[in-house]
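All chains are named by letter (A, B, ...) in the order of the sequence lines, taking the proteins before the strands, and each is independently numbered beginning at 1.
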There are 2 protein chains.
Amino acid sequence: MIDSPIVKNNPKLLVFVPLFYTVWSDSILTPSEISVLEGLLTSQDWLSEQERKFLLSKIDPKQPPSVDELNTWKTAIAQVTQQSQTKETLVNLGIRLASLQGNGTVSETLDKARPALARIEGILGFISHEAIFNFQAGHKTITSEQSTQRNFDVAEMTRILDGHQAAIINKVKTLLSDPEFTYVGPGDLDLYRKQVLQWCKFLADQGYGAMAYPKEHGGQGDMAAYFAIMETLSYHDLSMVIKFGVQFGLWGMSVYFLGTEKHHAKYLKDIGTLELPGCFAMTETNHGSNVKGIETTATYDHATKTFNIHTPFELARKEYIGNAACHGQMATVFAKLIIDGQDYGVSAFVVPLRDKKGKLHPGVKIKDCGRKMGLNGVDNGVIYFDHVVIPKENMLDRFSSVSEAGKFESPISSDNRRFFTMLGTLVGGRIGIPRSGNSASKSGLTIAIRYGDQRRQFGPEGGTEVPILNYRTHQRRLMPLLANTYALHFALQHLTERFLNRTEEEMQEIEALAAGLKSFATWNTTATLQECREACGGKGYLSENRIEVLKNDTDVYTTFEGDNTVLMQLVAKSRLTEFRQEFANMNVFTILNYVAEKAKTGITEMNPITVRNTDEAHLLDPEFQLNAFKYRERDILTSAAKRLKRHIDSGMDSFDAFNVSQHHLVQVGFAYIERIILEQFIEQINKTSNAGCKATLKKLCDLFALSQIDKNKGWYLEQGYMEGVKTKAIRKMVNQLCWEIRQDAVPLTDAFNIPESCLAAPIAVRS
Amino acid sequence: MIDSPIVKNNPKLLVFVPLFYTVWSDSILTPSEISVLEGLLTSQDWLSEQERKFLLSKIDPKQPPSVDELNTWKTAIAQVTQQSQTKETLVNLGIRLASLQGNGTVSETLDKARPALARIEGILGFISHEAIFNFQAGHKTITSEQSTQRNFDVAEMTRILDGHQAAIINKVKTLLSDPEFTYVGPGDLDLYRKQVLQWCKFLADQGYGAMAYPKEHGGQGDMAAYFAIMETLSYHDLSMVIKFGVQFGLWGMSVYFLGTEKHHAKYLKDIGTLELPGCFAMTETNHGSNVKGIETTATYDHATKTFNIHTPFELARKEYIGNAACHGQMATVFAKLIIDGQDYGVSAFVVPLRDKKGKLHPGVKIKDCGRKMGLNGVDNGVIYFDHVVIPKENMLDRFSSVSEAGKFESPISSDNRRFFTMLGTLVGGRIGIPRSGNSASKSGLTIAIRYGDQRRQFGPEGGTEVPILNYRTHQRRLMPLLANTYALHFALQHLTERFLNRTEEEMQEIEALAAGLKSFATWNTTATLQECREACGGKGYLSENRIEVLKNDTDVYTTFEGDNTVLMQLVAKSRLTEFRQEFANMNVFTILNYVAEKAKTGITEMNPITVRNTDEAHLLDPEFQLNAFKYRERDILTSAAKRLKRHIDSGMDSFDAFNVSQHHLVQVGFAYIERIILEQFIEQINKTSNAGCKATLKKLCDLFALSQIDKNKGWYLEQGYMEGVKTKAIRKMVNQLCWEIRQDAVPLTDAFNIPESCLAAPIAVRS
C-alpha cells in the first residue's frame, strides 16, 4: 500500500494505515467491522472512485495483505510514533503519518475527515486503544510498576510472631539447618522410614522429645516449648513431625496423662529418649470417628490378676497406628474393660508389641498400611491381638482401675463421661496438629509468593512482562490465604495459652475451641496448599518445589485427631449446651428482656443507614467487623436451637432433628471460630506497639475480616444485615486490600523466617 | 439409691431415678441444672426433710454415684422400659418405676407432682428426650432407615451416557480388564515409565492410537472414537492416558494439523503404531501461559536450505515436555522463525531428538524433570537445542512456509493471528483433558459413594450405627459433585460434537467453549477428588484406595493445556468481542431498543412475586433455572463491558483496566459456561424417553441448577433478582434433593460402568 502509485499520488491515503494495521494485526475482522469500515470509506467524499476501490480492497478478508506488506505498514507507522511520548489515537497517528509525506502540515481535508475517522475508532473500542502500544517501546502501566516494598521491620514482625518462645524456635531452626536434615525422597519407603526415625532420635538427643515431661522423668516440664518445637519442626519433613508427635505426644502423653506415678517412673524417661518407641492404639477399622464404640476387649482375670487383650473379630483391629509397622515396642491400647462379664467401658492399657530386636510378641499380629497419600516416612500399621496377657499394673489407672479385690473403681461414674474426660486430657493433639498445618501453609505461601514476585508472564503491548503477583486474580488467590495464616497463628497461640492455663471448669470450652480451630486451620491448610500448587503452575507440580509434599503430607490433618466435619458438629453441640444453660437460668421475664435486648442491638446494627454504609472508615472499623461476626454467630446459633426445638416439638426423633440440621450446625461451629479468630487478631494489633508492624497487621486483619464477610455475604444479605451496595463495597475493598498487601507479601513471608534449607524449593530459595 | 432404706421406706422416691440417671450418665451437670434440680426437690411437699436431703445428696457434683450404683439405676429402669414400645418421657418412666414397687398403681402424690417433674425435663431439653433410647433396643429413625434403592434401569442409563460411542467404550473396557493392565506402584520411577510405555504400545497394537488419523495413514479417521477412547482409558492409570495423549494427540496431531501431506505420509503411520515416539515441545521455562512469547529460534540458512534450531539462553529451554526424558525420538518444536534477521513469529518444526537406540543427537541436551506430584509414569523432560540443523522440509508448513527463494509465506498475514490459528487446530487437547478429568471424578465418586453406603458410624442412642451416606453433611459433600459430573458429561459430549462438526466461522466460539469447559471441568475434578478423599477419611488416605493417585495425577489438569485462570479470562474476552459486535451493528435507536428489551425481561423476571416465589414447582421449573443463569450471564457480561469502558474512558491504560476487572472477567467466563452446562443438561433430559432415567436425570439437573444458584446467591441477592426468602427455599431444596438422590447414588455410579479392576480400591470393589 505504502509504495503503490495511488498512495504516492495522494499521500493523504496514509491516514488509514494505522487503522488498517490494527484491524489486520490483532483482531479478526468481523462482518460488522467490515461493514463499518466500508461505510466509512464510502462516505469520504474527498476520495476518488479509484482510491475508494483501492482502499476497499485493503480490507477485503479474501485478499489479506502479505506478511511483508504488513511489516511495511508497521515500519511506516513507527516513523511517527517514535517521536511521540504520550498515547495518541489511531486517527491522530494516521493524520501525522499522512502529514509527514505532505511536508508536516495537516491538510484541511484530513481535518474535516477527522470526526468520521474517530467514529470508527470508537467502535473498535479498547482494541484500537491498545493497538497504539504496538508502536511504542517500554509501555509502562500501574500494573507493571507494582513491586515489593518493605513497609515494616521484618525482624520485629518475627519477634511478634514468635513471642515468648523465640529462643527455642531459633534453636530448632538452627538445628534444622544442619546437613543431618537433608531431605530424602519418598521413593524407597524403607529408607525414608529409617531416616525419619533417625531424625527423631537426633531430636530426642537434644532433649526436645521429653520437653513437656516432668523434670524428674528426664524432661523440662515445658509444654509451651513442646508446642513451639512441633510448630517449628513443621517447616521441615512432616513425616518427621508426625513420628515425633506419635512418640512423644500420643504415646508419651497417654502414659503421662492417663497413667499414674508408677507408669511415669517406669516409662517416661525411655519414651523421652526414644529408647522405648511406642504407639497410640485407639482407632479401629470399624470405629474411627465414633471411637467410643471400639470393640477390642481387655478381660480381667481374677486368678492371675492380668488382663487379656483381644481383637474379637477382623474389623475390630487397630488401624492406621503410627509407629506400629516397624518401630513401636509398646502401645497404649484402648479397650473395653470386662470384669465378670460386665462391660465397664473404655480404658487404656500398656501392651508390649515387640522386643528390642523388633520381634513381635506372641499373640500380636501387625500388618503394614503400605503407601499413603503422604507421611510415607511414618510406619502406620494394623494391629491384631490374639489373647495377649498383660499384668494388672499395665492398666493406665488415673481415671479407672481395678482394685485388689478385682472390683472396678473410678472417680467418674458414667462410662461416657469418663471416656470423654480421658480424651479431654489428650486435647493437646488438637493444638499441635493445626499449628503444624499452619507452618505448612507458611512454607507453601513463602514458596508461591516468592515465585509470583519473580515469575513474569504477559504484559502491556510493547511493554515488558509483568510479575504474576501483580495480577489481581493472583492476588485474590494468595493474599486472603496469607491473611488467614497470620490470623490463625495468633488464634492458635491464644488456644495454646488457654490450654496451658486451663482450669477444670474451662475444659469443655477449651475442648470446643480446640476442635473448632483444628478444623478451621487444617481445612485452611489444605485449601492454601492447593491454591499454592495451582498458583505455581507446572513448577508447583514438580516435587522438587515441595508444594506437593506439603499438600499430601498435611491432607490427612483434616481427618486425624478427629474428622473436621464431625468436630465442627461437636463444637456446635457444645455451643448449644451453653445456650441451653443461658436459657435455663432465665425466668420468663429474663427471657423477654433478653429478646428485647437482642432486638435493641439489632436496631443499632441494622438501621437503614448502617446496612447501606459503605464508608471506608466504617468498613475498616474493627467494631463494625466484630459486630458483624458476632451477629452472625449469635443468629445462627439461635436459629439452630429454635430449629432443633421445632423439629423435636413436632415429634421428630432428636437424632433425625440433628441430622436434618447438620449443615446448619457446621455453620454454627464456623461462625463461632471465625469470631474467636477475628477477636484475637484485633487484640494482637491492639497490643502491638511497633507502628510499621501494627499498620501491616491491621491490613491483614481487615482482609481476613472482610474476606470472611464477603464469603458469607449471601447470609448477610438474606438477613438484611447488609444491603447489596454494602456487600459490593466490601468486595471492592477486599480487592483493594489484596492490591496493597501484595507489596508487603514477600516481607510478610520473610517474617516467618523459615530456614532456606527447609524451604528447599528451587523456585523460591535465596542463595 | 435403689437399695437404701430411705427408698425402701418410700418407693415413690424411685420417680427420680430416670432423671438422675440421665443427668449423670450423659451430660455434665452444670450449675444451672443443679439449681433447677434443687429447686424442684425443694418444692416437693410430699418429701420429708430427710428424704429431701437424701435426694439432694444424689445430685451433688462432689459426691457422684459409683459406677455400680449407676448400673443398678439402669437395671431398675430397664424393668419398665422393656415392656414399653413407644417413646416415653423420663417422668412417665419414673412414675411407672415407682408404681411398680407400689404394686402397679400410680399414687395420687406422684400424679400431683407430675407437672413440676415435667418442667425440669423440659429444661433438660432434647438431652432428656434422647436419653430414653438408652433403655431401649433397636431404636430406629428416618436417618437410619434410608438405604440404596433402584429407581431406574442402570443399563439404560449407561446407554444414555455412552451414546453413539457405546461399542468402542465397551471394547476398551474389556481390554482394560485384561491382566496386562494390572496397576504398578510409583515407587520405582523407571519401572513405572516402562510399564506405561508398554501399555501404550499395547493400545497402539489394537489400533487405538491411530484412530483419528486418516485411513491412508493407518488410521480410521474417527476422531469421535479417539475422544471416547481417551475418556474410557481414564478409568485406568492416568500416566498411561497422558502418555497416550502426548504421543497420539499432541505429537501426532501437531504433525497432522500443522503439517502437510508430505509430513503425513512420512510420519503418521509410525506415530500411530508407536514406532516413532515423539514430543510436543512448545512450553518454555520462561513462557508457559504466554506461549506466544517463546524464544527458541529457527534461523533459516539460504545456502544449505536448513533451519538452525537453537535455545538462546537457559530459560528459553523447553520444559515439562512429555516423552522427552526417555522415549521421544522426535519432537514438534515451536520456535520463532528468523529469515535474514527478520522475526516472522512462531512456526513449528519436526526436530529429531534421539536415534532408535535412544542415543541423543548432537546438539540436543535433555534433563529429566524428576518426580512430580503425579503422572510419574510420564517421562517429562527439559530440552536444550544447541544449533541443531534440520532440513527445510521439516518445517510443518500448513500455515507458514519458506519458499524455494527463501521468502516467508503464509495465508495469514498477522503473526498473532497465525499463531492463534495454529493453536486453534490443537483445541482437541482442551476436549480430551476435561473428559479424562471427568472420568477420574467418576472413579472417585464411585469409590466414595460405595464406601459411604457401607461404612457405618454413630447412630441413634440404642440403635445400630448408620451408613455415613445417610448423614446430611455427607450428602451435601458428595451429591452436588455427582450432579456436576453428570452435567459435565453431557456438556463435554456437546462440546465434542460441536468440535467435530465445526465450521470455520464457529471456531472462535468453540475455542472459547473448550477453554471454559476445560477450566470448569478440571477444577471440578480437583474439588471432587479432594472431597472424596476427605469423605473416605483415613481409608481415603491409603494409596490402595486410589483416590490419592486420581487426585495427584489430575491435579495438573488445571494447569496444562492452559492455566484455568488464564483460560477463563480468554473466555471472557471472547464473550466481550461478541458483545462488541452486537453493539457495533446497532445504531442509536437499536441500542435504545435493546436496553428497553432488556428492561422488559427484567420486569418479568424481577417482579415482586417472582423474586419471592418459593413454590417447589417454580424452583424446579427448568425455565426459571435457565432464566436465572441467563440473567446472570448477561448482566455480568454487560457490567464487565461497562466497567472496562468506564475505566478506559477515565484515562486508565487498557492493560490496567483489564487487570482491575480480572476477578469480574473470570466470573463472566463462569457464568457463560454454567449456562451452557445447564442448557445441555436440560436438552439431554428432553430427549430422554425412558421414564425412570428421565426422572433421575431431572433430579440431578435440579441439584446442579439449584446448587449453582445457591453458590451464587450473594450475587442474586445483591442484584435483587431474588429475595432472602427465595434463596433460603433454594438452600432447603438443595438439601432435600441431596437426600433424595442419595437413594440413587450407588446405582448412579454403577451406571458409569467402570471396570472393577480399574476401580481396584479395596473399600469399593465388588467381588
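No hydrogens or angles considered: nothing links the side chains of A:Ser289 and B:Gln457 as a donor-acceptor pair under 3.5 Å. Side chains of A:Asn470 and A:Thr143: no donor on one and acceptor on the other come within 3.5 Å. No hydrogens or angles considered: a donor-acceptor pair under 3.5 Å links the side chains of B:Glu465 and A:His287. Side-chain contact check for B:Gln475 and A:Gln662: no donor-acceptor pair (N or O, by modelled atom type) lies under 3.5 Å.
Residues B:Arg417 and A:Trp24 meet the side-chain proximity criterion, which asks for heavy atoms closer than 4.5 Å. For the pair B:Gln146 and B:Trp739, the minimum side-chain heavy-atom distance is below 4.5 Å. You'll find the side chain of A:Lys140 reaches within 4.5 Å of the side chain of A:Glu145, heavy atoms only. Looking at heavy atoms from C-beta onward, B:Met373 lies out of side-chain contact with B:Val556 at the 4.5 angstrom threshold. In this structure, B:Tyr541 and A:Thr558 have side chains that are not in contact, with every pair of non-hydrogen atoms separated by 4.5 Å or more.
Proximity to chain A is limited to the side chain of B:Asp563, based on heavy atoms less than 4.5 angstrom apart. Heavy atoms of B:Lys645 lying under 4.5 Å from chain A are absent altogether. Residue A:Tyr344 touches chain B through its side chain alone, counting heavy-atom pairs closer than 4.5 Å. Interface remark: A:Arg476 contributes side-chain atoms only to the contact with chain B (heavy atom separation under 4.5 Å). Heavy atoms closer than 4.5 Å to chain A are found in the side chain of B:Val466, but not in its backbone. Contacts between A:Asn71 and chain B at a heavy-atom distance below 4.5 Å involve the side chain alone, from C-beta outward. Heavy atoms of B:Lys726 lying under 4.5 Å from chain A are absent altogether. Contacts of B:Thr285 with chain A are made by both backbone and side-chain atoms, with heavy-atom separations under 4.5 Å. Contacts between A:Gln569 and chain B at a heavy-atom distance below 4.5 Å involve the side chain alone, from C-beta outward. Proximity to chain A is absent for every atom of B:Trp73, based on heavy atoms less than 4.5 angstrom apart. Contacts of A:Leu542 with chain B are made by both backbone and side-chain atoms, with heavy-atom separations under 4.5 Å. Residue contact with chain B, scored on non-hydrogen atoms closer than 4.5 Å, involves the backbone of A:Trp715 exclusively.
With chain A as the partner, the residue from B:Leu717, B:Asp555, B:Thr727 showing the most heavy-atom pairs under 4.5 Å is B:Asp555. The choice from A:Lys728, A:Arg472, A:Arg418, A:Glu505 that makes the most heavy-atom pairs within less than 4.5 Å of chain B is A:Arg472. Taking B:Asp68, B:Asn290, B:Ile412 one by one and counting their heavy-atom pairs under 4.5 Å with chain A, the maximum is reached by B:Asn290. Contacts with chain B were tallied for A:Gly720, A:Gly714, A:Ser400; A:Gly714 has the most, counting heavy-atom pairs under 4.5 Å. Of the listed residues (B:Asn286, B:Thr565, B:Asn735), the one with the most heavy-atom contacts under 4.5 Å to chain A is B:Asn286. Contacts with chain B were tallied for A:Gln719, A:Glu544, A:Arg477, A:Glu723; A:Arg477 has the most, counting heavy-atom pairs under 4.5 Å. Interface summary for chain A: among B:Val725, B:Asn564, B:Val660, B:Asp188, the most heavy-atom pairs under 4.5 angstrom belong to B:Val660. The candidate with the highest count of non-hydrogen atom pairs below 4.5 Å against chain A, out of B:Val666, B:Val549, B:Val566, B:Asn552, is B:Asn552. Looking only at heavy-atom pairs under 4.5 Å with chain B, the residue among A:Glu69, A:Arg456, A:Lys407, A:Lys539 that has the most is A:Lys539. Listed options A:Gly345, A:Gly374, A:Gly370, A:Gly185 were ranked by heavy-atom pairs under 4.5 angstrom with chain B; first place goes to A:Gly374. Across B:Asn545, B:Asn659, B:Ile142, B:Thr559, the residue that shares the most heavy-atom pairs under 4.5 angstrom with chain A is B:Asn659.
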- request: Could you walk me through whether B:Gln530 and B:Lys551 pass the side chain to side chain contact (heavy atoms under 4.5 Å, CB included) test, one step at a time?
  value: CA-CA 7 Å; B:Gln530 182 66 40; B:Lys551 168 74 173 63; 3.4 Å; yes
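A donor-acceptor distance shorter than 3.5 angstrom exists from the side chain of B:Thr141 to the backbone of B:Ser144, with no hydrogens or angles considered. Without hydrogens or angle criteria, A:Glu319 side chain to B:Gly538 main chain gives no donor-acceptor distance under 3.5 Å.
With sequence neighbours left out, B:Glu718 forms a salt bridge (charged side-chain N to carboxylate O under 4.0 Å, His left out) with A:Lys713, A:Arg731.
Ring orientation note: the planes of A:Tyr471 and B:Phe655 are nearly perpendicular, at an angle over 60° on the 30°/60° scale.
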